[in-house]
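Below: one structure, written as C-alpha cells.
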2 protein chains.
Amino acid sequence: MPRDGTSTKTAIMDAAERLILDRGFAATSVDAIIEAAGITKGTFFYHFKSKAELALSLVQRFAEADRAHLEDKMARAETLSRDPLQQVLIFIGLFIEDLVQLTQPYPGCLFASFCYEAQLFDTETLKVIDEAMWEWRRDLGGKFEKIFERYPPRLEVEARSLADMATVAFEGAFIVSKTLKEPQVVAEQLTHYRNYVELLFAPAES
Amino acid sequence: MPRDGTSTKTAIMDAAERLILDRGFAATSVDAIIEAAGITKGTFFYHFKSKAELALSLVQRFAEADRAHLEDKMARAETLSRDPLQQVLIFIGLFIEDLVQLTQPYPGCLFASFCYEAQLFDTETLKVIDEAMWEWRRDLGGKFEKIFERYPPRLEVEARSLADMATVAFEGAFIVSKTLKEPQVVAEQLTHYRNYVELLFAPAES
DNA sequence: TATTTTATACCAACCAGTTGGTATAAATTC
DNA sequence: GAATTTATACCAACTGGTTGGTATAAAATA
C-alpha cells in the first residue's frame, strides 16, 4: 500500500480508465498508464498479470458501479411512489438531477469505448458488458411491463425497447456531449426520454 | 487504376473502415489494412502519405455520405408534404424504412469510433466530425423551429435539443445493436424518436 | 518476515513509414 | 510512326522506434 492509504491498484485503474476514454484501449500503452499513475512497470505487472486482465478488471468495476446506480436509484424511486409509472419517471429524474450538475462534457462510457474496439477483447470481458446491458433491460423493462398493466400506451411499443431507450439516451448523449464539448446534452436527452414516457402513458385528455 | 475498374484507394478505405469499426483506429495496423485490401505497403503509402491522412479521408467520406443522407431524405420529405411537422415525421420514417431491412447488427458509426479515440486525431479530422453534427443541428433544428411556429409543443423543449435527439438515437442504438448483436434495435429507437415528435406536437384531444 | 514497490535492463514482435525499383500506357518529341 | 519522356500505379525489402511483457536485485512498507 502506498503511503496515502489509497490502493495502488485503484490508482492504476483510475489512470487507465481516464486515458482509455480519451484515446481508446489499444492506444493506451502500459507505459502511459504507469506514468499517469506515478508507479513503475514492475508494480503494474505485480497487480495485473497482463493488459487484458486490466481490461477485465476495469469493465467489471464499471459494471458494478453501473449496477449500483441502477439499483440505488430504482430503490429510491420505489420508496417515493407505489405507481410503476411514477417510479420510472422519478428513476429517470434522479439521473437528470446528477447530470445537470455537470460542468465539463461527460468523460464517456467504458462500455461504448470497448464496443468500438470489441475485437481486442476476450469473450469474458465482452460478456460483462453484455450482461450489464441485459440488467437494464430486465429491471427497467420489468417496470414498463407493470406500467402496461395499469396504463394503456398511446402508441404500440415494447417494454424491452423502452428500457433500451434509456441506454440509448445515455450512450448517444455521451457521444454528442464529447464531440461538441457540451456538458448539458446528457441531461437534456434524459429529459426527452422522461418526456416521452410521460406522454406515452398520459391519460387521454377529455 | 487496377484493371477491374474499381479504385485501389476506395478498396483501401473500404477495408480500413470495416476493420476500424471492429477494432478501433489505433489497433488497425497498416499491415492489416493492406492484407484485407489485397495490396502492398508501398501502394498504401502511394495513396496516403500517412495513416493520419487515411483517417482524414475516411472521416471526410463518411461525412459526405452522412450529408447526402440528410439532404436527400429531407428533400424527399419536402416533396411529400408542405407541413414542417409532417416533413420531419416523413424524414425520420425514411431512415426507419432503410433500417428495418437490416439483417445484421449495424456495423457502427465512424464518428462514434473516432470520438472514443479523439486524442489520436488532429484538429482538422475532428473538425470534420464536429461540423457534420452541427449540420444536423442546423437543418433538423431549423425544421423544429418552423414546427414551433405552427404547433405549440405539449412540453417545453428546445429545437436544437430535439435535433440532437436524432443523432443520439442513431449513436446510442448503434452501440446497443453492436453490443447485443441485435439488428432491429436501430429501427426501434428511431421509431421511438418519431413517436416522441408525434406526441409532442399532437393537437390536444378534446 | 511477507508483501509491496522501485529501478533498470532487457527482449521478441510489431509498428508506421521509407527506399529503390518495376510495369504500363499515354503524351511528347524527332 | 518510331523513340523517348512523363505520370501513374504498384511492390518487396528494409529501418528505427514502440509495444507488452519479463527478469532481477534492492529497498521500503505493514
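Residue numbering restarts at 1 for every chain, and letters A, B, ... go by the order of the sequence lines. Bear in mind the structure is a predicted one, so any value in this text is a computation, not a measurement.
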With the threshold set at 4.0 Å, does a side-chain nitrogen-carboxylate oxygen contact exist between [X] and [Y]?
{"X": "A/Glu78", "Y": "A/Lys146", "answer": "no"}
{"X": "B/Lys181", "Y": "A/Asp130", "answer": "no"}
{"X": "B/Arg160", "Y": "A/Glu188", "answer": "yes"}

Can you tell me the distance, in whole Å, between the [atom1] atom of [X] and the [atom2] atom of [N]?
{"X": "B/Glu35", "N": "C/dA16", "atom1": "CD", "atom2": "P", "answer": "14 Å"}
{"X": "B/Ile34", "N": "C/dC14", "atom1": "CD1", "atom2": "P", "answer": "14 Å"}
{"X": "B/Phe48", "N": "C/dT18", "atom1": "CZ", "atom2": "C1'", "answer": "18 Å"}
{"X": "A/Lys9", "N": "C/dT3", "atom1": "NZ", "atom2": "C1'", "answer": "14 Å"}
{"X": "B/Tyr46", "N": "C/dT18", "atom1": "OH", "atom2": "C1'", "answer": "16 Å"}
{"X": "A/Arg23", "N": "D/dT18", "atom1": "CZ", "atom2": "P", "answer": "14 Å"}

**Asked** Which pair of heavy atoms, one from B/Ala77 and one from B/Gln87, lies closest together, and at what distance?
**Response** CB-O, 3.3 Å
**Check: A/Glu17 and A/Arg61 side chains under 4.5 Å, non-hydrogen atoms** = yes
**Asked** Below 4.5 Å, heavy atoms only, C-beta onward: do A/Arg154 and A/Leu199 meet side chain to side chain?
**Response** no
OP1 or OP2 of [N] sitting under 4.0 Å from any side-chain N/O of [X]?
{"X": "A/Thr43", "N": "C/dT5", "value": "no"}
{"X": "A/Thr8", "N": "C/dT5", "value": "yes"}
{"X": "A/His47", "N": "C/dT5", "value": "yes"}

**Message:** Can you confirm whether or not the ring centre of A/Phe95 sits under 6.0 Å from the ring centre of A/Trp136?
**Reply:** yes
Listed pairs, N/O of protein and of nucleotides 19-26 of chain D, under 3.5 Å:
| unit_1 | atom_1 | unit_2 | atom_2 | d |
| --- | --- | --- | --- | --- |
| D/dG20 | OP1 | A/Lys51 | NZ | 3.1 |
| D/dG20 | OP2 | A/Val30 | N | 3.0 |
| D/dG20 | N7 | A/Lys41 | NZ | 3.4 |
| D/dG21 | OP2 | A/Lys51 | N | 2.7 |
| D/dG21 | N7 | A/Lys41 | NZ | 3.1 |
| D/dG21 | O6 | A/Lys41 | NZ | 2.9 |

**Asked** Between the side chains of A/Thr125 and A/Asp122, is a donor N or O closer than 3.5 angstrom to an acceptor N or O?
**Response** yes
**Prompt:** What is the ring orientation for B/Phe148 with B/Phe201, classed by angle as parallel under 30°, tilted 30 to 60°, or perpendicular over 60°?
**Reply:** tilted
**Asked** Of the residues in residues 119-126 of chain B, which ones touch DNA chain C at a heavy-atom distance under 4.0 Å?
**Response** none
